[in-house]
Each structure stands twice: as C-alpha cells, then as structure tokens.
S.K.: 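Supplied in structure tokens, the structure appears directly below.
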Amino acid sequence: MDDHRLDLPQGTLDLLILKSLSLGPQHGWAISERLHDVSRETLQVPQGSLYPALHRLERRGWIRAEWGASENNRRAKYYELTRAGHKQLDTETEQWRRLTFAVSLVLDMS
Amino acid sequence: MFSELWSDVRYRMRTIFRREVVEAEMNDELRFHLERETEKYIAQGMAPDEARRRATIAFGGVNRTKDDTFDAHGTALFDQFVQDLRYALRGLRARPLFTATVVVTLGLGVGANAAMFGVIDRLMFRPPRFLRDPASVNRVFVTTTEPTGKRIPTSKFGYLDLITFQKTARRETAIAGASFRSLAVGEGENTRVRHAAVMSANAFTMFDAHPVLGRFFTADEDAPPAGQDVVVLGYGFWQSQYGGRDDALGKLLKIGPKRYRVIGVAPEGFTAFDDEEPALYLPLTAYAAGQSPTFYKTYNWTWFDLFVRRAPNVSVMDATADLTHAAVADWNAMRETSPALAPAEKVRPEAIVAPVQTARGPNAGPTAQVAVWIGGVAAVVLLVACANVANLLLARSMRRRREIAVRRALGGSRGRLIRQMLTESFVLSVLGAIAGLVGAQLASRIVMKIFFDATAAHMSVLADSRTLFFALAMTVVVAMLAGIVPALHSGRDDLADSLRGGMREMAHRGSRIRSTLLVFQTALSVILLVGAGLFVRSVKAVDAAPLGFESDPLVYVEMQLRDVKLTGAEETQLTNRLIGEAQTFPGVAAVTPTNSVPFWSFEGHTLITDGMSADSVRKIGHFLTQTGSSDYFKATGTRILRGRGIEAGDRTDAPPVVVVSEAMGKVLWPGADPIGKCIRFRSDTMPCVSVVGVAENVRAQKLTDGAELAYYLPIEQYRTVFGEGLPYLYVRVQGRAENYAEAIRARLQKMMPGSAYVITKPMNEILNPSKRSWTSGATMFSALGGLALGLAAIGLYAVIAFGVAQRMNEIGVRIALGAVPSDVIRLVVGEGVRVTVIGVAIGGVAAWAAGKKIEPLLFGVSGRDPIVLLSVAALLVGVGVLASLIPASRAAGVDPNTALRTE
C-alpha cells in the first residue's frame with residue numbers, strides 16, 4: 001500500500017458517504033471511486049467497510065436504496081439521500097468543521 | 001424522530017421476515033461491485049484473471065464483508081435467539097420424558113396460581129365494572145360503642161341516615177345508598193327469586209355506564225315518600241326474559257308487592273357495587289315504600305350500604321374526618337327521636353372510609369383472609385415447581401457438561417451459553433404456561449365454586465384479561481427463576497476440568513446446589529401440608545361441634561305473602577293450615593312455627609329481670625328470641641337439660657312460661673337455679689314470664705361461639721306479646737332434609753292464596769356459607785399441599801436417580817469389593833432421607849412459627865397442633881424413603897462389570 005494514503009478516522013466514513021450522495025444518487029462502487037478520486041487518491045476507503053456503512057445508514061433512514069440500471073446497463077443498487085439524510089449531513093459537516101477548527105487551533109498554539 | 005424509528009423497525013422487520021430476498025440483494029450488490037472493479041482493472045490493461053484477483057484483494061474478505069453488512073441490519077441478536085430457539089426445541093424433542101415432567105410441573109404451578117389469582121382479584125382488587133375513577137369511591141362504615149362496651153363497625157344504614165349524611169358531609173360529591181337483595185319477581189307460576197339492586201338514583205352517576213335501551217331512573221323518581229314504581233332491567237335478565245327486544249320498555253313487572261314500569265336496560269356486565277349482575281335496579285324509595293310506608297321517617301330499619309365519591313383532592317383521611325362529623329350529627333338526630341340512646345360522646349361514632357370491595361373493609365369475612373392465605377400457598381407451590389424445574393435443568397446441564405465444555409473451547413462465549421440456557425427454560429415455561437392456562441381453566445371452575453356461590457362460578461380464565469396477563473407475566477418470572485441457577489452454573493465451569501474429568505469428578509459440586517433446592521422444596525411442602533392438616537382438623541371440629549340442634553333432618557319453610565293482604569289473625573290461620581298440611585306429608589316427624597333461624601335471622605327484644613334493668617341486661621349481650629309449638633324441641637332436636645320444654649297446654653290463657661338456654665341462665669342468675677325465676681319484656685310493669693326449663697346451648701350466629709344467649713317462648717304466648725303472624729316453619733323429616741325440601745314446597749305451595757308463595761331450604765344449606773372459610777381452606781390447602789408433595793417427590797426421585805447414575809462407577813467398585821445389595825440400598829436411601837429430614841426440620845420450624853398467625857382462621861385446633869406436625873413429618877420421611885427406594889434398588893442391581901466399563 002502506498003505511503004501517502006491515509007486511513008479514515010473512526011466515524012468519518014458516514015460523513016463522506018452522505019456528502020458524496022448529496023451530489024446525486026450513486027451505487028456503492030461509484031461512491032468508493034468518487035471518494036478515492038476527489039480526495040486526490042489520499043483517502044483509502046476500505047471497500048469492505050463501505051457496504052456495512054451503507055446498510056447501516058439505510059437502516060437509520062438517512063439514505064434510501066433503489067435498484068436501477070447502471071451506466072453499462074446492468075442492475076445496480078443506487079443510494080440517494082433522504083430528507084433526514086440531508087439534515088444529518090448538515091449536522092455532521094458542522095460538527096466536523098468545529099472539530100477540525102478546534103484541533104487546528106490547539107496544534108497552532110505556540 | 002418517530003418516522004426514523006419507524007423506518008428502522010421496518011428495515012429490521014424486512015431483514016427478519018424476508019431474509020432470502022435481503023440476502024440475494026446483498027449478494028447482487030457485492031457482485032456488481034466486484035465486477036465493476038474487475039472491469040476497471042481490465043480497462044487498465046490487466047489480464048482478466050489478474051484483474052479479478054486484484055479486485056478481490058482490494059475488496060477485502062468477501063464473506064466477512066457479507067457478514068459485517070448483514071450485521072449492519074441490526075438483527076444479530078434476534079438471529080441468535082432464533083438459533084437458540086431451534087436448538088432448544090431440538091434438545092427438548094430429544095428428551096420427551098424430561099420435557100413432559102418439566103411442562104407438567106410448571107403447568108400445575110402456573111395453573112394453581114392463575115386460578116387463585118382469579119379468586120383473590122375478584123374478592124379484593126377488581127373494582128366494579130364501569131366505576132369511574134374507582135380510587136375516589138369508597139364504602140362507608142360507622143363504628144359505634146355497643147351497650148356491651150364493644151366497638152363494632154356497621155355498613156348498614158337507613159334512609160334518614162342517608163339524608164343526614166347527604167346534608168352534613170361537605171367533602172364528597174355524591175353519597176348514595178345501595179342494597180343487593182333477593183326479590184320475588186314475576187307472577188303466578190313464573191315467580192322466581194332474583195338478585196336485585198336497590199339504589200339511590202345518584203348511584204348511577206358514579207359509573208360510566210349508559211343504558212343500552214331507555215334510561216336510568218332520576219332523582220325525581222327516587223324521592224320520598226314513595227318514589228316512582230319504575231325499574232331498570234339488567235342486561236342478562238332483559239335477554240333471557242324479554243329476548244332483548246325494544247318493546248320491553250313500558251312493560252309492567254311485578255317485583256315484591258308492587259308492579260314496576262320498565263324504563264331502561266343497563267349495559268352488559270354492569271353490576272353496580274356488587275360482583276354479580278343484578279336482574280333489576282329499583283329506586284331506593286320505591287322499594288322501601290313497598291316494605292314500610294314510613295321508612296323515610298324512622299331510624300329503625302338499617303338495610304343498605306353507603307357509597308361516597310370523594311371530591312377531587314380530598315384524601316381518605318379528610319373524608320374520614322368529614323364523614324365522622326356527619327356520623328355524629330346523624331347520631332344526635334337519631335337521639336332526638338329516641339332520647340333513651342346514649343349521647344354521642346359516649347357512643348363515639350367514627351366513620352371508616354373503606355374500599356368498595358367488602359373483602360377489604362373492616363368487616364371482611366374469613367373467606368377473604370383464607371383466600372389470601374391460599375394465594376400465598378399457591379405462590380409457594382410455584383416456588384416448589386421452580387425449584388423442581390431448576391433441579392431438572394441443572395441435572396440436565398450436568399449431563400451435557402462435556403458438550404458445553406467443547407462449545408466453550410471452540411469459542412462460544414459465556415454470555416451466549418447463558419442466553420441459550422435461558423432460552424431453553426423460556427421455551428419450557430412457555431409450554432408450561434400453555435399447560436398452566438389449560439389447567440387454570442379447568443381448576444378455576446372448581447376453585448370458584450369453593451369460594452363463591454355456585455351462581456357466581458361461571459368465569460373463564462381465558463376470557464379474563466387480568467388473569468391471562470398475570471399468568472403470562474408469571475411465566476416470564478418462572479422462566480428466569482428456573483433458568484438462572486443452571487445457566488449460571490454451566491457458565492462457571494472450569495473448561496479444562498470438564499474436558500478432562502467427564503462427569504465423575506464434577507458430580508459433587510452440582511449436588512450441593514441440588515440438595516439445597518431439595519431441602520427448600522421439602523420444607524415448603526411441610527409448611528403446606530401442615531396448613532392442610534390444620535384446616536382439615538378444623539373442618540372436622542366444625543362438623544363435630546355441637547350446634548345444639550340437628551340440621552340434617554331440618555327443612556326451613558318461609559312464606560312470602562307479597563301483595564296478599566292478610567290480617568295478623570288470618571296469617572296465623574294460614575300458618576296453622578300449612579302446619580297441618582305438612583304434618584300429613586309422609587316422612588315428616590314434627591312441624592313447628594319459628595321466628596329466628598340460626599345463621600339466617602335474629603330477633604331480639606328488651607328484657608328485664610327482677611334484679612336487672614333493661615340497660616344492664618343489654619350490656620351483657622344480645623339475647624335471641626325463639627318461639628315454637630310444643631313440637632319445637634322435638635323438631636330441632638335441642639335437648640331440655642332440666643325442667644320441661646314447651647307443652648301443648650302453654651296457651652294464651654295459661655300462665656306465661658319460657659325455656660332459657662344454659663348460657664342465658666348462667667349470665668342472668670349466676671350460681672342460682674333459673675327455674676322459677678322471672679323475666680319481663682319491654683318494661684317492669686309487664687307480667688312475669690317464669691322460667692320452666694333449661695335447654696342445651698345452641699350456636700346461632702357464629703359457629704365458633706357455642707353459648708348463644710337464647711330463650712324459647714310458646715307460640716301462642718309469643719303472639720299475645722309480640723303480635724300475630726310469623727311466616728316461618730321448621731319441618732323435621734325422617735332422613736335428610738334435601739330429599740324432602742322440593743316435595744314439601746310443592747305440597748305447601750298449593751295452599752297459598754293469590755301470588756303468595758313458599759320457599760323451602762334444607763337447614764344445611766343455610767349453615768354451609770358459615771362453614772365455607774374452613775371447608776375452602778381445607779380443600780385448597782389439601783389440594784395444593786398434595787401438589788407440592790407430589791412435586792417434591794418427583795424432584796427427590798429425579799435427583800437421587802441422577803445421583804445414582806453419576807455414581808454407577810463408585811457403586812460398581814463397592815459391589816466388586818463385596819458390598820451386598822442392602823449396603824447399596826442403605827447408601828442411596830440414606831442420602832435421600834438425610835435431605836428429607838433436614839427439609840422436614842426446617843419446614844417444621846417455619847410451620848411452628850407461622851402457626852400462631854393462622855390460628856384465628858382455625859377452629860378447635862391449635863396452630864401448633866403436634867398431631868398434625870408429627871404426621872406431616874412422618875408422611876414426608878416416608879415419601880422420601882419411597883422416592884429413593886426405586887433408584888436404590890436399581891443401583892443394587894448393578895453389574896459391576898458393566899458399571900466399570902462404561903466410563
């Protein structure tokens with residue numbers, strides 16, 4: 001594994017999935033690709049842990065799934081954000097911002 | 001929030017109930033991912049095989065991901081439970097005898113409890129149906145000091161009392177009177193005695209009941225002097241007598257002496273304050289006016305109960321103070337009409353604001369107390385059943401020790417194993433609960449008959465949600481209790497030991513718990529059986545107690561004149577005609593008129609002796625007035641101890657005479673011979689009635705009190721003092737009264753004018769309710785004690801048999817070394833007897849301690865009766881020996897070769 005790739009801190013995977021889906025419905029593989037690409041190949045999403053997270057979010061009611069045709073015309077399970085999911089994304093984004101801001105304040109102290 | 005919860009539940013439900021679909025979808029989803037990944041690598045120029053390999057590596061373990069993803073559905077616990085359930089069912093099916101024993105044991109325990117719960121709930125806890133906010137409605141008692149100095153609470157009031165209470169009390173929103181009586185309803189041949197509610201119009205306002213037809217009566221229809229003759233029908237009566245038709249409204253119905261117009265029908269199951277559905281509801285005033293037209297002006301007829309609804313935020317204590325104030329005002333008002341009464345300061349009237357249920361009030365009869373005891377006893381039986389089941393499960397878990405050790409070695413967690421054991425006992429107790437409900441359904445009919453009149457015994461446990469809920473809740477508790485000991489025990493085992501040693505080494509540790517449970521069971525059985533013995537002896541004592549009269553051959557006859565108007569003299573003539581007719585009936589030995597009937601009615605009059613004023617006589621107690629013809633003593637069988645009885649010559653023109661009971665002679669003329677002494681009625685100017693005979697004592701009010709103060713007057717002389725009439729007879733038959741009662745009724749009914757009619761009752765039927773607390777105590781204690789004994793015997797047998805199976809090796813060695821069968825039997829039986837004796841000792845001490853508490857409910861036997869204690873001890877030791885003999889003889893027959901080879 002390449003050194004410049006980072007493992008995700010605990011709990012951030014949910015946030016990333018929600019954010020990724022806020023741009024439009026997507027299936028699991030595409031989410032994983034998108035996270036990988038957008039993070040300039042820095043974030044290493046273990047593909048194995050993506051699906052338990054997706055199913056957990058679905059159970060919570062933040063995303064909902066629907067079967068549709070994929071870009072190469074095969075049956076794929078598409079996820080999209082629900083209204084509750086949008087709200088959750090806002091909350092978690094806000095929390096993340098405050099957390100990183102606070103952490104960086106502490107790190108910057110001299 | 002709610003919608004999130006709902007979507008969560010829906011999601012999990014889908015996973016549980018459509019598992020195949022969910023799993024297939026998941027497979028599709030993951031396969032799609034892998035294929036896309038593979039395609040990506042192929043597009044980058046890899047060979048297909050290599051691409052697939054890279055994709056799989058990038059993905060991480062496919063099967064683990066599947067598992068993790070499935071776990072994300074949040075149904076793992078449920079899945080485990082289903083797994084445990086399947087496992088438990090498989091295990092139980094494999095051992096049908098074990099399963100059957102446990103299920104039957106639990107069934108008996110749960111069944112007995114559910115049935116008793118039904119009784120106690122009915123007696124004590126269940127508020128009447130439709131009663132709005134039952135916690136704020138109370139039954140009122142008033143305690144006063146009697147002339148004898150005793151303070152006795154009464155719940156019976158008259159109309160003037162009700163009015164004073166309504167006027168004086170401030171903190172109650174409604175005060176109502178209600179009485180539940182048996183009234184003659186219908187005309188001619190169709191006349192039947194029915195259960196009727198007589199109550200104030202405002203009693204309806206305490207309930208949330210609405211008439212299913214017509215309306216309830218109003219305050220205007222319930223105003224003195226006579227109200228309106230209107231009646232509301234009970235639902236059952238409306239169905240059976242009017243076919244549930246609307247045209248019942250406006251019909252006239254004869255009730256007692258008057259005709260009432262039907263104005264409404266009460267809803268189904270409405271019982272007012274009673275626990276049995278009345279056939280009719282009558283206005284208090286309309287009914288009372290039919291009995292005594294001056295009822296609203298006098299204090300001397302107290303006949304109904306008082307019910308109040310406390311105003312909001314008024315506590316029972318506040319209401320007590322308020323109603324005590326009203327009771328004092330009531331006493332003062334009564335004293336204005338009869339100044340001879342003692343002043344209120346001396347009588348100190350005090351209100352008691354009691355629950356609506358009679359059994360929880362100050363005058364609760366022994367039946368309710370006995371029911372509570374039996375409820376406790378049923379709970380004990382349940383404990384015995386639990387101990388038994390725990391023991392059986394424990395023995396089973398010992399047998400499965402190796403299996404469990406292997407499972408733990410393979411990574412099964414302790415929590416998971418405990419859960420599995422609990423699941424197993426849960427399944428067992430669900431099966432047990434089903435058996436229990438079936439048992440309760442069968443038992444409750446019998447139990448209800450033991451505690452209530454036959455008419456009330458039509459309850460179904462399954463249709464009663466409270467009992468059903470109770471039984472289910474109990475099942476859960478039982479599952480926990482019975483399952484927890486073996487479950488904890490199995491989790492605690494040392495793995496290596498179990499794997500290495502097999503059964504042999506471990507047998508001893510488990511046996512201590514099992515012996516403790518056995519001792520506990522035996523002790524509880526002892527307590528129950530001692531209770532059973534005490535009640536059985538009480539019943540024997542009650543039956544053997546000299547009543548002072550013979551009840552078996554006595555038929556009680558009562559005439560109901562209803563609206564037939566007879567003068568006193570005509571009534572006397574009618575009575576005489578009936579006596580004449582009854583005497584011609586084949587098998588009749590003697591007939592006499594009578595007035596007070598033991599355990600049924602009481603007539604008393606003011607008495608004066610030469611030495612004592614009316615007041616000082618009253619302070620001694622209540623004197624029972626009896627009257628009869630010269631056949632009176634022949635009919636009742638009461639023996640004349642000295643002097644003579646009533647003779648044919650004691651007529652109006654002869655000197656007035658009286659026969660007194662031994663007890664009465666002793667209290668009025670202590671140390672002197674009563675014969676020749678004088679008593680006078682009402683005042684000292686009345687003629688002297690001289691005592692000519694002394695009769696043996698009778699029991700007339702309480703079976704426990706054998707010294708009734710009673711006197712007997714010749715019928716004709718009685719009539720000159722107290723008036724004509726007297727519509728009651730005793731008919732003594734040759735044989736048992738119940739064989740004659742109906743035939744005599746039919747014969748006498750022909751003589752009755754107009755709508756008047758005759759009721760006959762075997763005397764024993766009148767006595768039985770007074771014996772009920774002992775007979776029901778004896779029956780229930782015996783049944784439950786026998787049950788506990790049976791359970792303990794099964795438990796002992798199972799444990800000894802198991803112990804023997806465990807020690808086959810050891811026994812084999814002993815036999816090989818020369819032990820003869822009797823040695824082996826002694827060894828095994830000795831162990832059983834040791835456990836039993838310890839249990840008997842503990843139980844005996846506990847029963848001894850509890851003896852004093854139960855003594856007030858017994859009769860003629862001490863709560864620490866040595867005969868009962870010793871015979872129970874002997875019985876249990878005997879059962880202990882028997883239960884261990886069977887496995888012992890099996891052990892004695894062991895072939896040492898086989899025994900030594902098996903392990």
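Chain A is the first sequence line, chain B the second, and so forth, proteins listed ahead of strands; every chain is numbered from 1.
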S.K.: Quick check on B:Leu30 against chain A: is it the side chain, the backbone, both or neither that has a heavy atom closer than 4.5 Å?
M.R.: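 Answer is side chain: those atoms of B:Leu30 sit under 4.5 Å from chain A.
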
S.K.: Could you tell me the separation between the CZ atom of A:Arg64 and the OH atom of B:Tyr11, rounded to the nearest 0.5 Å?
M.R.: 14.0 Å

S.K.: Of the listed residues (B:Lys66, B:Arg10, B:Arg12), which shares the most heavy-atom pairs with chain A below a 4.5 Å separation?
M.R.: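 Sorted descending by pairs with chain A, the first entry is B:Arg12.
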
S.K.: Return the NE2 to OG1 distance between A:His55 and B:Thr15, rounded to the nearest 0.5 Å.
M.R.: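 Rounded to the nearest 0.5 Å, the NE2-OG1 separation comes to 9.5 Å.
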
S.K.: What part of A:Arg60 is in contact with chain B, defined as an atom under 4.5 angstrom from a non-hydrogen atom: side chain, backbone, both or neither?
M.R.: backbone

S.K.: Near B:Tyr87 OH, under 6.0 Å, is it more than 12 heavy atoms from other residues, nucleotides or ligands?
M.R.: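 Yes, the 6.0 Å shell around OH holds more than 12 heavy atoms from other groups.
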
S.K.: Can you confirm whether B:Asp49 is buried at CG, in the sense that more than 12 heavy atoms of other residues, nucleotides or ligands lie under 6.0 Å from that atom?
M.R.: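 Check fails, neighbour count at 12 or below.
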
S.K.: To the nearest 0.5 Å, what is the distance between NE2 (A:His27) and CZ (B:Arg36)?
M.R.: 5.5 Å

S.K.: First locate atom OH of A:Tyr78, then atom CD of B:Glu29, and finally report the distance between them rounded to the nearest 0.5 Å.
M.R.: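 Rounded to the nearest 0.5 Å, the OH-CD separation comes to 12.0 Å.
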
S.K.: For the atom pair CG (A:Leu54) and CE (B:Met26), what is the distance rounded to the nearest 0.5 Å?
M.R.: 12.5 Å

S.K.: In terms of ring plane angle, is the pair B:Phe59 and A:Tyr51 parallel, tilted or perpendicular, where the classes change at 30° and 60°?
M.R.: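 Answer is tilted, since the angle falls between 30° and 60°.
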
S.K.: Could you tell me which portion of A:Arg75 (side chain, backbone, both or neither) has an atom closer than 4.5 angstrom to a non-hydrogen atom of chain B?
M.R.: both

S.K.: Hey, is A:Lys77 close enough to B:Asp28 for a salt bridge, meaning N to O under 4.0 Å?
M.R.: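 Salt bridge: no.
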
S.K.: Side chain, backbone, both or neither: which part of A:Ser32 has a non-hydrogen atom closer than 4.5 Å to chain B?
M.R.: side chain

S.K.: Do other residues, nucleotides or ligands put more than 12 heavy atoms under 6.0 Å from the CD atom of A:Glu66?
M.R.: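 Result for CD/A:Glu66: open.
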
S.K.: On a heavy-atom basis, which atom in B:His33 and which in A:Trp29 lie closest, and how many Å separate them?
M.R.: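 So the minimum-distance heavy-atom pair works out to ND1-CA, 3.5 Å.
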
S.K.: For chain A, which of B:Arg14, B:Glu39, B:Arg31 has the most heavy-atom pairs under 4.5 Å?
M.R.: B:Glu39

S.K.: Between B:Glu35 and A:Arg74, is there a side-chain N and carboxylate O pair less than 4.0 Å apart?
M.R.: yes

